[in-house]
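Contents: one structure, followed by commentary.
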Amino acid sequence: MKERGQITLPFILLVGGIIVEIAIAGLFTAYFLSSANLGERLATRAASAAYSGIQDAMVKITRNKEFGNQMYSLEIENDSATITVSKADDAGGGAYLYTIESLARAGSREKKFVANLVVNKISGKTALQSLEEVPIR
C-alpha cells in the first residue's frame, strides 16, 4: 500500500514544470508582440508628424508666395517635426520652385518626407509636383 503513491510526486512535478514552461513562453511572446506593436505605432506617429509638417509649409507658402529659405519646428502633441523650406526661381517659367523637407521624430522613430511645389509668381497658384518619403541617413 505504501508503494502506490511513489509515482504521484514525479508526475505532479512534471506536469507543473510543463505548465510553468508554457506560461513563461506565453509571457515572452506577449512581450515581443507588444514591443513590435509599439514600434509600429511610433513609426506611424512619426510619418503622420512629418506629413503634417509638409502640409503646414504648404499652407504658409500658399498664403505668402514669397515665403522661403526658412527652417522652423512644429510640435504635434508629443511629437516634433523640423521643416526646411528652400525656394528657387524657375528661369523661364515665371514660377518659384519650392523644396520642403520635413523630418519628424516620435519616440525612437524618425521619418522624413520631401515635397516639391511650384508656385506661379504672378497669380500665386500652387501645384504639388511630388511628395515622397526618403530614407534617413
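None of these values were measured; they are calculated from a predicted model. Residue indices begin at 1 and follow the sequence shown. Scope of the values below: all heavy atoms of this structure, side chains included, with no hydrogens, waters or symmetry mates.
Around CG of Leu14, the count of heavy atoms belonging to other residues, nucleotides or ligands within 6.0 Å exceeds 12. Within a 6.0 Å sphere centred on NZ of Lys125, heavy atoms belonging to other residues, nucleotides or ligands number 12 at most.
Between Leu97 and Val118 the shortest side-chain heavy-atom distance falls below 4.5 Å. The side-chain heavy atoms of Ile100 and Val114, taken from C-beta on, include no pair separated by under 4.5 Å. Residues Val134 and Phe113 fail the side-chain proximity criterion, which asks for heavy atoms closer than 4.5 Å.
Nearest approach of Ser52 to Leu74, heavy atoms of both residues: O-CD2, 4.1 Å. Across all their heavy atoms, Ser86 and Asn69 have their closest contact at CA-OD1, 3.5 Å. What you find for Ser102 and Ala81 is that their closest heavy atoms are OG-CB, 4.1 Å. Scanning all heavy atoms of the two residues, the minimum distance from Ala49 to Asp79 falls at CB-CB, 4.2 Å. Lys111 and Ala46 get closest at one heavy-atom pair: CG-CB, 3.7 Å.
Atoms CD1 and CG, on Ile136 and Leu103 in that order, are 5.0 Å from each other to the nearest 0.5 Å. One finds the CD1 atom of Ile61 at 9.5 Å from the CG atom of Asn64 (value rounded to the nearest 0.5 Å). With rounding to the nearest 0.5 Å, the separation of CD1 in Ile24 from CD1 in Ile19 is 12.5 Å. From Met71, atom CE reaches atom CD of Glu101 across 9.5 Å, with rounding to the nearest 0.5 Å.
Judged by distance alone, with hydrogens and angles left aside, the side-chain atoms of Tyr98 form no donor-acceptor pair with the main-chain N or O of Met58 at under 3.5 Å. In this structure a side-chain-to-backbone donor-acceptor pair under 3.5 Å is missing from Ser48 to Thr44. Side chain of Arg109 to main chain of Gly39: a donor-acceptor pair is present (N/O by atom type, distance under 3.5 Å, no hydrogens or angles).
Following chains of ILVMFWY side-chain contacts shorter than 4.5 Å, one cannot reach Leu42 starting from Tyr51, and the two form parts of different hydrophobic clusters. Note on Ile83 and Val59: separate hydrophobic clusters, where clusters join Ile, Leu, Val, Met, Phe, Trp and Tyr whose side-chain heavy atoms are under 4.5 Å apart, directly or indirectly.
Listed by first and then second residue, the salt bridge (Lys or Arg N to Asp or Glu O under 4.0 Å) pairs involving residues 46-67 are Asp56-Lys60, Glu66-Lys87 (not counting sequence neighbours).
Of the charged side-chain nitrogens involved, none lies within less than 4.0 Å of a carboxylate oxygen, so that Lys112 and Glu133 do not count as a salt-bridged pair.
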